J.: 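Dropping a structure here in structure tokens format, bear with me for questions.
In what follows, every chain begins at residue 1, and chains take the letters A, B, ... in the order their sequences are listed. Not measured: the values here are computed from a predicted model. Note that these values count all heavy atoms, side chains included, but never hydrogens, waters or copies made by symmetry.
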Amino acid sequence: MPRESFDHKEIERSAQEKWEKLDLYATDLTDDSKEKYYLLFEFPYPSGDLHIGHWYAFALTDIYARKLRMAGKNVLFPMGFDAFGLPAENAAIKNGVDPKKWTYENMERMRTQMRTMGASMDWSKEVVTCDPGYYKWTQWLFAKLFEHGLAERKNAAVKWCPFDKTVLANEQVIDGHCERCGHEVEEKNLTQWFLKITQYAERLLKDLEPLPWREDIKDAQRAWIGESEGAKLVFMAHTGEEDAPVPLEVFTTRPDTVFGATYLVLAPEHPMVDVLIQDALNPEAIRAYQRETGKKTERERSENKEKTGVALEGITATNPATKEEVPVYLADYVLASYGTGAVMAVPAHDERDFEFAQRYQLPIKDVIEPVFVRTIGTDAVRPEEPMVERQAVVAIVKHWGEDKYLCLRWKSNDWTGFVIGGIEEGEEPSVTGAREITEETGYKNPRFVRDMGVPTHSQFYHEVKRQNRFAHFTPLYYELADGEREEPSAEELAIHDIEWVAKEDMDAYLSRDNDIAYIWKRFVAPAFPYTGDGILANSDSFDGRSNREAMTELIAYAGGEAVKQYRLRDWLVSRQRYWGCPIPIVYDPEGNAHLVPNDHLPWLLPEDVDFTPGAAGVGTSPLSTSRELKERVERIFGAGWTPEYDTLDTFVDSSWYYLRYVDPADAHDFSDQGLLKKWMPVDRYSGGSEHTTMHLLYARFFNKALYDLALVPTSEPFNERYNRGVILGPDGAKMSKSKGNVINPDEVVSKFGSDAVRMYLAFIGPYNETGSYPWNLDGAFAMRKFLDRVYTLFEGTATEKSNPEVLRALAVAIDKVTADTDRFKFNTALSALMVLVRDLESHAQLAPDAKRTLLALLAPFAPHLAEHLWEKMGEEGSVHQMVWPEADPALLSASEIVIGVQVNGKKRGEVRLSLTASEDEALMEARKVPAIALLLGETAPARVVYVPGRILNIVTQG
RNA sequence: GGGUAUGUGGCGGAAUUGGUAUACGCGUACGCCUCAGAAGCGUAUGGAGCAAUCCUUGGAGGUUCGAGUCCUCUCAUACCCACCA
């Protein structure tokens with residue numbers, strides 16, 4: 001059948017006009033006759049042009065919005081702009097354009113482009129964060145947080161470019177240099193505003209649990225919050241003089257190793273350094289180290305793998321467990337911003353401390369003896385059986401001539417290792433080793449060289465003895481004097497083979513991550529930290545106990561306190577930027593911060609600002625160049641009062657926009673309580689994976705804080721969260737202007753039509769997974785071909801009713817399209833539509849009922865064409881007001897089905913069976929298939945597995 | 001270095017609870033149509049083999065009547081965090 005084509009431009013124009021006239025998409029938020037559904041996508045930054053990524057974000061969510069409306073939901077599907085931000089200011093600096101003008105013009109252009117998309121967004125709820133009507137309430141909410149102690153001022157470092165004389169955002173610092181002029185960046189300490197998100201760390205973590213989010217999204221948030229359980233311990237620092245000792249508090253996750261803490265390390269910025277330095281013998285060296293590290297950014301410090309530090313000479317601190325005096329160091333591997341900014345160093349059991357101790361020759365004291373518990377395999381500990389403790393030796397034995405070592409391979413389980421033997425009552429371990437070497441391998445002249453120190457312990461199931469073993473190994477080293485050997489007993493030979501293994505082959509030879517491999521590693525590299533669990537040693541009365549089990553008692557013994565620590569820092573919201581929401585704070589002549597009273601909100605962003613780099617003072621914001629702002633403050637508050645010059649991080653604006661959508665024009669409140677109660681939480685929030693941590697966490701924090709102030713009805717803002725993938729350039733690389741692989745959607749839309757483009761994006765892969773998909777023009781063309789086929793299907797109309805085959809094909813498609821669209825699996829929904837269209841094409845002409853059903857299914861995916869065909873059929877109203885079809889279950893279940901027949905698990909044919917067929921009937925049918933009959937022969941099958949409607953598997957052997 | 005995710009044809013991908021692997025689409029080949037090309041239409045298309053048949057979901061084991069799917073190990077790629085004590 002030849003394919004008709006249609007004029008997509010004309011169809012799009014007329015459909016869009018019609019929708020506007022019918023005002024289809026403005027949601028009546030007060031309509032209670034339908035169930036509410038709040039479908040949210042991340043609002044865009046008005047960067048200028050609508051790109052293919054925007055299409056991917058908006059048009060595909062739109063598919064679901066349309067489907068939901070047809071399914072009878074009252075859908076809120078709003079749109080807005082995250083309109084404050086750095087690019088507007090950069091344009092101002094570069095081209096002298098007013099940031100406001102630049103932003104509003106961009107928004108207007110994007111609105112126009114978005115209309116061509118034909119998306120059903122509700123523009124009447126539009127929110128623009130740089131609009132005073134919006135940021136008035138950003139300021140009001142900031143004030144609420146301030147009043148409740150959730151906003152505070154603290155010192156914090158900013159990146160500063162000494163050439164441009166301007167504060168840089170983190171993303172403007174490339175490799176420690178200013179992205180604009182290439183000069184080296186410095187850090188400056190400024191007093192800045194913080195929101196105390198850390199107070200919510202525990203709840204942000206705990207409330208994640210019941211959310212129906214994908215586990216990887218939750219994991220990313222958990223990692224960002226970074227909870228560690230540990231203890232705070234106090235080491236008293238002494239100066240050697242008569243002075244009172246100074247307490248130094250440390251945070252550690254391993255208080256069980258406190259007996260091994262052989263020195264103390266403070267961050268260079270630690271506030272106590274100023275006190276301690278007065279009594280230190282080397283104040284110049286200490287100051288020099290502070291200056292040196294102060295120049296470096298945190299990133300540069302971490303890039304430098306080599307650990308550096310300086311001793312506070314003449315100062316010691318008392319280990320609260322051992323009561324011994326330990327030296328105190330400054331080192332930049334300790335971060336001032338985490339924990340207490342000070343750590344107790346346990347070089348034997350921490351890799352960083354170990355490295356530092358090696359470099360500065362500090363004592364290393366083992367306090368944990370490793371315990372290896374086998375948990376997998378046939379020798380895994382069997383909890384139901386008793387544990388038998390044994391003292392034993394492990395003997396590493398060197399060859400008399402070569403650099404090879406004596407190994408045993410156990411025949412029962414292919415286990416590889418060294419000679420091992422139980423210590424007899426009253427026997428010297430070295431004697432045990434020598435005896436076992438001779439007994440097990442026959443070598444007669446082992447010479448004991450040394451005991452390798454730290455004992456290790458193993459728990460495993462002894463398969464031969466049939467009991468759990470807790471073996472305490474003493475690792476010993478022997479060398480064979482010569483090769484003199486007698487044949488070991490037959491009993492020994494039956495258990496294992498003897499093998500000589502070269503040093504360099506040993507790692508591959510030994511099974512990984514077990515006790516034997518550890519002992520070998522210790523033998524070849526005698527000093528390295530052990531960070532795992534084990535048995536306490538060198539720890540007074542705690543010796544011999546499990547480190548985990550004794551943890552709480554050890555904390556108490558050391559006079560400490562168990563605490564939880566978070567990696568999450570308080571949220572620094574001050575930005576030394578112009579194009580952002582002004583912080584509604586003024587300072588009295590004494591420098592105390594006061595909120596700008598509500599009746600002066602919105603606290604307007606001044607317009608007489610000089611953007612020239614360096615125009616503002618050192619380390620301050622462009623707002624300080626505004627005369628109007630200063631005058632405004634003095635006029636309202638009095639002489640000597642000064643404004644806050646910083647603006648808010650744009651993440652603050654976007655932390656509450658979903659609350660404003662419900663009541664965007666409200667001049668008396670940030671939103672309407674009644675509507676919030678009805679509409680929150682957001683039912684499904686779709687966005688980019690790059691916002692998994694920061695934006696999503698900030699918004700959750702904001703919502704929780706407002707919940708505690710009884711300003712919002714739910715403690716979590718978002719129910720479902722879907723992360724989307726990215727569209728790559730045709731070359732498979734990330735789209736970027738410099739690579740020249742950016743796709744301009746306008747061109748493709750004008751060529752194939754808006755419907756074809758959105759369908760291509762829907763078809764490219766699963767939407768709710770964060771894959772990345774290369775753009776392919778052939779795909780958009782293919783979608784247009786498909787739409788032409790649909791168009792052709794509507795050419796004629798049958799007068800008789802649809803036949804059962806058509807009805808069944810429709811039912812199957814309804815079922816699949818519905819389920820897949822609900823899960824955002826638009827690709828498979830479309831595949832079901834294509835199968836349906838192919839089936840329908842085999843029938844001469846379609847009855848009106850079949851056409852209507854097909855149009856309903858098509859409407860969310862190809863809204864313009866569906867509307868056009870609807871009109872062509874002579875139907876009233878809009879196709880988008882149709883009721884979403886439901887599949888008749890009776891049509892879905894076929895009475896007969898083709899199932900595969902397997903012989904011994906391999907598919908050998910297929911049979912058509914009724915769903916209610918018995919096993920005997922199935923077997924009878926299967927025997928009619930020649931290939932199967934041949935394989936089965938005359939014998940009765942040993943076993944038959946028959947799952948009706950799925951599979952028949954005939955097993956012929958046992 | 002740590003965490004998370006993903007590995008299925010030439011390509012994007014499909015496969016409810018373990019139950020006919022490769023749906024749908026692209027690309028490719030051949031044919032039809034055409035003066036010719038484009039478009040369109042039709043057929044084929046995981047690999048090997050003339051065939052019967054055998055092999056195939058990154059690799060190696062395992063559990064099972066049956067594994068893309070579950071378990072163990074291993075390799076590769078992507079993203080995020082990276083001295084967090």
J.: Atom CG of A/Leu728 and atom C1' of B/rA78: how far apart are they, to the nearest Å?
T.: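 Atom-to-atom, A/Leu728 to B/rA78, this comes out as 11 Å.
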J.: Could A/Glu841 and A/Arg838 be called an ion pair, given the rule that one side-chain N must be under 4.0 Å from one carboxylate O?
T.: no
J.: Side chain to side chain donor-acceptor pair (under 3.5 Å) with A/Thr340: which residues, sequence neighbours excluded?
T.: none
J.: Testing A/Trp775, A/Phe781, A/Tyr773 one by one against A/Tyr760 for a ring pair (Phe, Tyr, Trp, His ring centres under 6.0 Å), which residue passes?
T.: A/Trp775
J.: Taking only nitrogen or oxygen atoms into account, show me every contact under 3.5 Å that the protein makes with nucleotides 64-68 of chain B, one pair per line with its distance.
T.:
unit_1 : atom_1 : unit_2   : atom_2 : d
B/rC65 : OP1    : A/Arg943 : NH1    : 3.0
B/rC65 : O2'    : A/Asn953 : ND2    : 3.1
B/rC65 : O2     : A/Asn953 : ND2    : 2.6

J.: Hunt down any stem RNA chain B takes part in, defined as 3 or more consecutive Watson-Crick or G-U pairs whose two distances are each under 3.5 Å.
T.: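 So the stems come out as B:1-7 with B:75-81, B:10-12 with B:24-26, B:27-32 with B:40-45, B:46-48 with B:53-55, B:58-62 with B:70-74.
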J.: Output all residues satisfying side chain to side chain donor-acceptor pair (under 3.5 Å) with A/Lys906, sequence neighbours left out; order by chain, then residue number.
T.: none
J.: Mind checking what makes side chain to side chain donor-acceptor pair (under 3.5 Å) contact with A/Arg724, not counting sequence neighbours?
T.: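 Counting only residues at least two positions away or on another chain, A/Arg724 forms no side chain to side chain donor-acceptor pair (under 3.5 Å).
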J.: Taking N or O atoms only and anything under 3.5 Å, show me the protein contacts with nucleotides 27-32 of chain B, one pair per line.
T.:
none

J.: When the distance from CG of A/Asn768 to P of B/rU6 is rounded to whole Å, what number comes out?
T.: 12 Å
J.: Say we look at B/rG13 and B/rU8: how far apart would their C1' atoms be, to the nearest angstrom?
T.: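 9 Å, rounded to whole Å.
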J.: Choose from B/rA85, B/rC24, B/rU20 the nucleotide whose nearest atom is closest to any side-chain atom of A/Met834.
T.: B/rC24
J.: Inspect the contact between A/Arg721 and A/Glu42 and indicate whether a charged nitrogen and a carboxylate oxygen are less than 4.0 angstrom apart.
T.: yes
J.: Which nucleotides of nucleotides 7-15 of chain B have their base under 4.0 Å from a protein heavy atom (B), which only their sugar-phosphate (S), and which neither (-), written as one string 5' to 3'?
T.: -----BSSS
J.: Taking CZ from A/Phe786 and P from B/rA39, how many angstroms apart are they, rounded to a whole number?
T.: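 Going from CZ in A/Phe786 over to P in B/rA39 covers 21 Å.
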J.: Please confirm whether A/Arg758 makes a cation-pi placement over A/Trp55, using NZ or CZ under 6.0 Å from the six-membered ring centre and within 45° of the ring normal.
T.: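 No - A/Arg758 does not lie over the ring of A/Trp55 by the 6.0 Å and 45° rule.
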J.: Taking atom P in both B/rU28 and B/rA38, compute the distance separating them and give it to the nearest angstrom.
T.: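 11 Å, rounded to whole Å.
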J.: For the P atoms, the ones on B/rA67 and on B/rG2, what distance do you get once it is rounded to whole angstrom?
T.: 34 Å
J.: Does the side chain of A/Thr531 pick up a donor-acceptor pair with the side chain of A/Asp350 at under 3.5 Å?
T.: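 No donor-acceptor contact under 3.5 Å links the two side chains.
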J.: The criterion is ring pair (Phe, Tyr, Trp, His ring centres under 6.0 Å); which residues satisfy it with A/Tyr56, sequence neighbours excluded?
T.: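 Per chain and number, A/Tyr56 pairs via ring pair (Phe, Tyr, Trp, His ring centres under 6.0 Å) with A/Tyr767.
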J.: Looking only at atom P, what distance separates B/rU64 and B/rG18, rounded to whole Å?
T.: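 It comes out at 16 Å once rounded to the nearest Å.
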J.: Within the structure, does a side-chain N or O atom of A/Arg838 lie under 4.0 Å from either OP1 or OP2 of B/rG25?
T.: no
J.: Go through B/rC83, B/rG19, B/rC26 for me and flag the one nearest to the A/Tyr333 side chain.
T.: B/rC83
J.: Nearest heavy-atom pair of A/Thr262 and A/Pro327: which atoms, and what distance?
T.: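 Closest pair (atom of A/Thr262, atom of A/Pro327, distance): O-CD, 3.4 Å.
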J.: Rounded to whole angstrom, note down the P distance from B/rG47 over to B/rU56.
T.: 16 Å
J.: Given that A/Met694 and A/Ile899 both sit by RNA chain B, which one's nearest nucleotide is further toward the 5' end?
T.: A/Ile899
J.: Side-chain N or O of A/Ser228 versus OP1/OP2 of B/rA85: is the shortest distance under 4.0 Å?
T.: yes
J.: Minimum heavy-atom separation for A/Leu60 to A/Ala762, with atom names?
T.: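 Nearest pair, atom of A/Leu60 first, then A/Ala762: CD1-CA, 3.7 Å.
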J.: Please list, chain by chain and in numerical order, all residues satisfying side chain to side chain donor-acceptor pair (under 3.5 Å) with A/Gln565, sequence neighbours excluded.
T.: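 Listed in chain order: nothing, the list is empty.
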J.: For B/rA5, does OP1 or OP2 lie under 4.0 Å from any side-chain N or O of A/Arg214?
T.: no
J.: Could you work out the separation of B/rA48 and B/rG31 based on their C1' atoms and round it to a whole Å?
T.: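 Each nucleotide's C1' atom is 27 Å from the other's.
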J.: Can you list the residues that meet the ring pair (Phe, Tyr, Trp, His ring centres under 6.0 Å) rule with A/Tyr333, with sequence neighbours excluded?
T.: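 Per chain and number, A/Tyr333 pairs via ring pair (Phe, Tyr, Trp, His ring centres under 6.0 Å) with A/Phe356.
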J.: Using the P atom in both, what is the distance from B/rC26 to B/rG19, to the nearest Å?
T.: 29 Å
J.: Please figure out whether A/Ala336 or A/Met783 has its closest RNA chain B nucleotide nearer the 5' end.
T.: A/Met783
J.: With the criterion being N/O to N/O and under 3.5 Å, what pairs connect the protein with nucleotides 44-48 of chain B, and how long is each?
T.:
none

J.: Are the charged groups of A/Lys307 and A/Glu355 less than 4.0 angstrom apart, N to O?
T.: yes
J.: Return the value, rounded to whole Å, for the distance between atom CD of A/Glu215 and atom P of B/rU4.
T.: 11 Å
J.: Salt bridge or not for A/Glu925 and A/Arg912, using N-O below 4.0 Å?
T.: no
J.: Do A/Ser337 and A/Arg569 pass the side chain to side chain donor-acceptor pair (under 3.5 Å) test, and can you show the C-alpha distance, the side-chain angles, and the key distance before you say yes or no?
T.: CA-CA 8 Å; A/Ser337 53; A/Arg569 312 294 154 88; 2.6 Å; yes
J.: Indicate whether any N or O donor in one side chain lies under 3.5 Å from an N or O acceptor in the other, for A/Thr308 and A/Tyr289.
T.: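 Yes, a side-chain donor-acceptor pair sits under 3.5 Å.
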J.: For B/rG25 versus B/rG46, give the span between their P atoms, rounded off to a whole number of Å.
T.: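 It works out to 15 Å between them.
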J.: Roughly how many Å is it from CG in A/Leu330 to P in B/rA85, rounded to a whole number?
T.: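 After rounding, the gap between these two atoms is 21 Å.
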J.: Rounded to the nearest angstrom, tell me the gap between atom CH2 in A/Trp224 and atom P in B/rU4.
T.: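 Going from A/Trp224 (CH2) to B/rU4 (P), I get 17 Å.
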J.: Which donor-acceptor pairs under 3.5 Å do side chains of residues 825-837 of chain A form with protein atoms, sequence neighbours excluded?
T.:
unit_1   : atom_1 : unit_2   : atom_2 : d
A/Thr828 : OG1    : A/Asp820 : OD2    : 2.8
A/Thr828 : OG1    : A/Lys825 : O      : 3.1

